[in-house]
Engineer: 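Below you'll find the structure I mean.
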Amino acid sequence: MSQNQKILKIMSFVAVIAALGMAWWSSMAIAFANTSPGLLLAICSVVPCVLDLFLGVWGIGAANRPARAYATTYVGVTLLALVLNAVAVVVYVLLNGFVWPAIVNLVIVAVYYYFSRAVRFEALK
């Protein structure tokens, strides 16, 4: 197992932990979403939570077998997670929400994306 595969596996576990943290954050956002901007903020916290869970589960499999990193759904979900987390940060900033959980989640997903691409390129060799 290469160094990139090991780090991808660690980042997969971190993504699962981030999904649990974002689930808690999402439940609080949904509980206090009494306006339309509050509902938009709740949606921007639920979507990264679900994507983090998918990344964690699929990343463990991709770290064990790098050929799984070529699946179209895996590549698409990793890129989609990165883009939607960036959009969530922008929405939180524009609506004056508490942005730190979204920023931390974006950093986790960006590092995860970097190492998933590294594992994919290693498997090409």
Engineer: Hey, what do you get for OH (Y113) to CG (L82), rounding to the nearest 0.5 Å?
Structural biologist: 6.5 Å
Engineer: Name the one of L94, L106, V91, V89 that satisfies side chain to side chain contact (heavy atoms under 4.5 Å, CB included) with V99?
Structural biologist: V89
Engineer: Where do P37 and L95 come nearest, in terms of heavy atoms and distance?
Structural biologist: O-CD1, 3.9 Å
Engineer: Can the ring centroids of Y92 and W100 be said to lie less than 6.0 angstrom from one another?
Structural biologist: no
Engineer: With respect to P48, which candidate in L84, L53, N105 satisfies the side chain to side chain contact (heavy atoms under 4.5 Å, CB included) definition?
Structural biologist: N105
Engineer: Would you indicate whether the side-chain heavy atoms of F13 and I60 approach each other to under 4.5 Å?
Structural biologist: yes
Engineer: Would V111 and L79 show up in the same hydrophobic cluster when neighbours are defined by side-chain heavy atoms closer than 4.5 Å?
Structural biologist: yes
Engineer: Taking all heavy atoms of A81 and all of L51, pick out the closest pair and write down the distance.
Structural biologist: CA-CD1, 3.7 Å
Engineer: Could you give the distance from OH (Y112) to CG (L55), rounded to the nearest 0.5 Å?
Structural biologist: 5.0 Å
Engineer: Do F121 and I7 belong to the same hydrophobic cluster, where Ile, Leu, Val, Met, Phe, Trp and Tyr are linked whenever their side-chain heavy atoms lie under 4.5 Å apart, directly or via other members?
Structural biologist: no
Engineer: Supply the atom-to-atom distance E122 CD to L8 CG, rounded to the nearest 0.5 angstrom.
Structural biologist: 10.0 Å
Engineer: Under the rule for ring-ring contact (aromatic ring centres under 6.0 Å, His included), what residues qualify as partners of F54, not counting sequence neighbours?
Structural biologist: W58
Engineer: Minimum heavy-atom separation for P66 to A123, with atom names?
Structural biologist: CB-CB, 3.6 Å
Engineer: Could you grab the distance from atom CZ of F32 to atom CG of L39, nearest 0.5 Å is fine?
Structural biologist: 15.0 Å
Engineer: Can you hop from W24 to V104 via hydrophobic side chains spaced under 4.5 Å?
Structural biologist: yes
Engineer: Of all the heavy-atom pairs spanning M1 and A63, show the shortest one and how long it is.
Structural biologist: CE-O, 3.8 Å
Engineer: Decide yes or no for R120 and V75: does some side-chain heavy atom of the first lie under 4.5 Å from some side-chain heavy atom of the second?
Structural biologist: yes
Engineer: Distance from S116 atom OG to N4 atom CG, nearest 0.5 Å?
Structural biologist: 10.0 Å
Engineer: To the nearest 0.5 Å, what is the distance between CE on M22 and CD1 on I108?
Structural biologist: 9.5 Å
Engineer: What I'd like to find out is whether the side chain of Q5 reaches to under 4.5 Å of the side chain of N64, using heavy atoms alone.
Structural biologist: no
Engineer: Treat each ILVMFWY residue as a node, draw an edge where side-chain heavy atoms are under 4.5 Å apart, and state whether F98 and V90 are in one component.
Structural biologist: no
